[in-house]
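Below is one structure; the comments refer to it alone.
When a residue number appears, it is its place in the shown sequence, counting from 1. Because only heavy atoms are used, hydrogens play no part in the values below, and waters and symmetry mates are left out as well, while side chains stay in.
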Amino acid sequence: MELKKLTSTKLISLDLDLKTKDEVIRFLVKKLAEEGKLHSEEEFYKDVIAREKLSPTGLEAGLAVPHGKSRAVKEASFAVAKLKKPIEDWESVDENNKVEFVFLLAIPEEEAGSTHLELLAELAKRISNSEYKERLQNSKSAEELYRNLDDYKQENYKFDVVKPEKSIVAVTACPAGIAHTYMAAEALQKAGRELGIAVYVEKQGANGIEDPHTDEQLRNADAAIFAADVAVKNEERYKHLPIYRTNVTAPLKNAKEVIEKAFELAKDKGKKEYKQEITNRKEDNISLKSEIKNSILTGISHIIPIIVAGGMILAFAVLVAQGFGLQEIYNKENSWLWMFRKLGGNMLGTLMVPVLSAYMAYAIAEKPALGPGFAAGVAANLINGGFLGGMLGGFLAGYIIKYMKKSFPAKGTFAGFISFWVYPVVGSLTVGALMLLVFGKPVAALNQGLLNWLNNLSGSNAILLGAVIGIMVSFDLGGPINKAAYTFCIGAMANGNFVPYAAFASVKMVSAFAVTAATLLFKRYYEEYEREVGKSTWLLGLAGITEGAIPFMIEDPLRVIPSLCIGSAVTGAIVVSSNIGLSVPGAGIFSLFVLQGAPLVKAGIIWFGAALIGAAISTLLLVATRIHKLNKKQQ
C-alpha cells in the first residue's frame, strides 16, 4: 500500500508547539479541511472525538493514530503532526507512552470496512519496524518525511541459517483483527530475535489465520504465548505446551518480558509429548469427506447452546403458565410471559438455522465465510428450507468463499477491501441468489416431502424409526453417531415433526439409569470405583447427558454397547409408536411438562416410563454380561 497517495507535504507539520490532544486533533482536522478533504470540518472533528471515547488511540514509543470514519470526509487521507514537546496524558495502549508523533486518519463512511482497516494495518506493521519509525521521527522537513513514508522493507524473522536452541509459538489476536494483531506479532518476533529465540507468530485476524503454525514448530516449541483479547482458534493444538496468556497489548509494552515469563512458566510446568492426532487444524489437503463432516459437526456444536438455552427458556414460560394458571398472560402479546415465550421460541426458530449455516461455512472457509453463512441461513428460513436448507446454505457459503479466497486472495494493496467488502458482499449476494432463486423450490419441496414422510410413519415403520434412533443415541454416547441422530431429530423438529426428538430425549436417560441401577443393585459384580461413578450417573441422565456411561463402555465395549443399545431401541420404539412429541429441546427431565400428543399425565407416563423400561432391560443385560465375563475369568 502506498501511503504517499493518501497524504501530501501540505498535510505534514513538524515541530508543532501544541500542548493537548484536543489542540493536536483540531489542528490536523483544520489542515485536512484546508486541503479540501472534508465536507464539514466541525462534523469530522466531532466524529474523531467520539471515536476517542471508545478506546485508546495512543500506541507506544511516542505514537498515536486517532481516526474518524465519517460522512464528512470526501476522500480517504491522513495528516501528520510531529510535536516539539510530548503529550503525556494521551490515552495509550502503553500507559507510559508520551505522544510526540500523530497520524490523523480521515476515512469516508462508505470505506469503513476497507480503506480504514487496510490503512490501520499497514501503519501498524510499518510503525512496529524500529528503523522505519526512526526515519520518520528523524525527518527534518515535511518533504523528507513524505519521501520516507514508503521507504519501508519488512523485516525477515525466519531463522534459515542458524536454528536457535529455543523456540516459542505465539498467537496474536484482537477484536478488530487488524492493528494490534500485527503490532503485537511484530513486537514478539523482534524481541525474540534480540534474545536469540525463534518466535513463530500465528496471526488470527480479519483474514482468518495467517502464518499458521506447522507441526514441526508445534512439536519443537518450548512454550506458547497467547497474546489475545478474543478466543484463540483451534486452541487444542497447544495442549502439550505450557501456555502463557496475556492481552494483545502486552507485547507492545514489553515483548521481552512476555517471552521471559513464558519460559519461566515452561520451567515450572514443562511440555508434554506432541501428538499430531489431537489437533483439529484445517490442512490444504484435507479430504472432502472430512471437510464435510467437520463442517456439519462444527455447525451442530454451535447451535447446541442456542437449542439448550432457548429450550429451557421456552420450557420455563410453559411451566409457569401451566403451574400458576397464567395461560392468558402467556398468550397476551407483549406481556412478560409472552416475551419469555418469544425469546425462547425465536432462539429456536429464528437463530438456529442461520447459526448452523454460518458456522458450517466458517469451518470450511474461516472468518470471511461467516457473513455469507448467516445470509444463507436467513435465506433458508425465508424459503422454509428448515434444517436441510440451512445445511445446504452452509455448504454453499463455505465453498463459495473458499473459491473466492483462492481466486482473489486478500493480499497487497487491496487486501482490506477484498476482506471486508468483496468476500462478505459478493459472497452473501451469490449464496443468497442461489438459495432464493435456484434451490428455493427444490429444497422446500424436499423438506415438505421429508415432513410428510415422517408424519405418515405408523405401525411397524414408526417402531423401526424409534428403534434406530435409540440405537444411534446409545451406540457411542455423544460421539458422531449420537450426533447424527441428534441432527436428524432437530431437523425433524425444525420441519414441524416433534416425535423423533421426544424419542431422542427419552433414550438419553436409558444408559445413565442402567449404569446406576446395575452398579447399585448388583454391587458385588462391580469394582468400588465403578460403584462410585454409578452413584451420580443417573443425575446426568435426568439432565439429558449420556456421557456418564462412557467409562463403562470403554472398559468393556463388546458387552456394554449391545446392552445399552437394546434397551434404548425398546425405549425409542415405545415413544415413537405412541406418537408422543416434544418441541422443547434440551429441557432434560423438565420435558415431562411440555410433552405433546396426549394428555400431560399420560404423555409423561409413556415418555418417562419408556426410559425406565429401556433402562431395566439394559440393566439386566449389563449384569448378565458382567456375570458371564466374571465366570469366564474364573474358568
Side-chain angles (χ1 to χ4, degrees), residues 304 307-308 311-312 315 319 465-479 481-483 485-486 488-490 493 498-522 530 533-553 560-578 580-598 600-623:
I304 286 175
I307 289 171
V308 172
M312 289 303 297
L319 290 174
L465 174 65
V468 170
I469 290 173
I471 291 170
M472 292 177 73
V473 170
S474 295
F475 184 81
D476 56 359
L477 301 175
I481 295 175
N482 176 290
K483 290 294 186 290
Y486 178 77
F488 171 78
C489 295
I490 289 294
M493 181 187 292
F498 308 126
V499 173
Y501 191 84
F504 180 86
S506 182
V507 170
K508 284 200 294 181
M509 295 183 281
V510 171
S511 58
F513 289 178
V515 166
T516 294
T519 54
L520 295 186
L521 299 178
F522 303 91
E530 292 175 314
V533 172
K535 287 179 181 178
S536 58
T537 306
W538 69 278
L539 283 171
L540 296 177
L542 290 177
I545 299 172
T546 59
E547 282 80 355
I550 286 178
F552 293 85
M553 182 181 75
V560 172
I561 292 176
S563 300
L564 297 179
C565 286
I566 291 171
S568 298
V570 172
T571 297
I574 292 173
V575 175
V576 173
S577 63
S578 301
I580 300 298
L582 178 60
S583 62
V584 181
I589 191 61
F590 295 107
S591 300
L592 278 169
F593 303 100
V594 289
L595 294 168
Q596 301 174 5
L600 189 61
V601 175
K602 181 182 177 181
I605 291 173
I606 294 173
W607 182 79
F608 191 66
L612 294 178
I613 292 170
I617 294 171
S618 290
T619 299
L620 294 175
L621 291 172
L622 284 173
V623 174

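Using a distance-only test at 3.5 Å, with no hydrogens or angles considered, no donor-acceptor pair links the side chain of T537 to the main chain of A512. Looking at T519, its side chain does come within 3.5 Å of a backbone N or O of V515 through a donor-acceptor pair. A distance-only check finds no donor-acceptor pair linking the side chain of W607 to the backbone of L592 [under 3.5 Å]. Although no hydrogens or angles enter the test, the distance criterion places a donor-acceptor pair under 3.5 Å between the side chain of S577 and the main chain of I574.
Residues I580 and Q596 have side chains not in contact (no heavy-atom distance under 4.5 Å, counting atoms from C-beta outward).
The distance from atom CG of L564 to atom CZ of F475, rounded to the nearest 0.5 Å, is 11.5 Å. Note that CG of L600 is 10.0 Å distant from CD1 of I605, once rounded to the nearest 0.5 Å. If you take OG on S578 and NZ on K602, they are separated by 8.0 Å, rounding to the nearest 0.5 Å. Distance check: I589 CD1 to L539 CG gives 11.0 Å after rounding to the nearest 0.5 Å. Within the model, atoms CG of L582 and CG of L595 stand 5.5 Å from one another, a figure rounded to the nearest 0.5 Å. Here the SG-CZ distance, from C489 to F504, works out to 6.0 Å after rounding to the nearest 0.5 Å.
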Start with the C-alpha distance between C565 and I471, add both sets of side-chain angles, then the distance that settles side chain to side chain contact (heavy atoms under 4.5 Å, CB included), and finish with yes or no.
-> CA-CA 5 Å; C565 286; I471 291 170; 4.1 Å; yes
I617 and I566: side chain to side chain contact (heavy atoms under 4.5 Å, CB included), yes or no, with the steps?
-> CA-CA 8 Å; I617 294 171; I566 291 171; 4.2 Å; yes
Run the numbers on F513 and L542 for side chain to side chain contact (heavy atoms under 4.5 Å, CB included), then give the verdict.
-> CA-CA 9 Å; F513 289 178; L542 290 177; 3.7 Å; yes
What do the steps show when you test M509 against W538 for side chain to side chain contact (heavy atoms under 4.5 Å, CB included), and what is the final call?
-> CA-CA 8 Å; M509 295 183 281; W538 69 278; over 6 Å; no
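What you find for S474 and S511 is that their closest heavy atoms are OG-CB, 4.5 Å. Counting all heavy atoms, side chain and backbone alike, A503 lies closest to V576 at CB-CG2, 3.6 Å. Closest approach of G614 and T571 over heavy atoms only: CA-OG1, 3.2 Å. Taking every heavy atom of both residues into account, A615 and A514 meet most closely at O-CB, 3.7 Å. Closest heavy-atom contact between S568 and S618: N-OG, 4.2 Å. In this structure, V575 and A610 approach most closely via the heavy-atom pair CG2-CB, 3.8 Å.
Considering only residues two or more places apart in sequence or on other chains, L520 meets the side chain to side chain contact (heavy atoms under 4.5 Å, CB included) condition with T516, K535.
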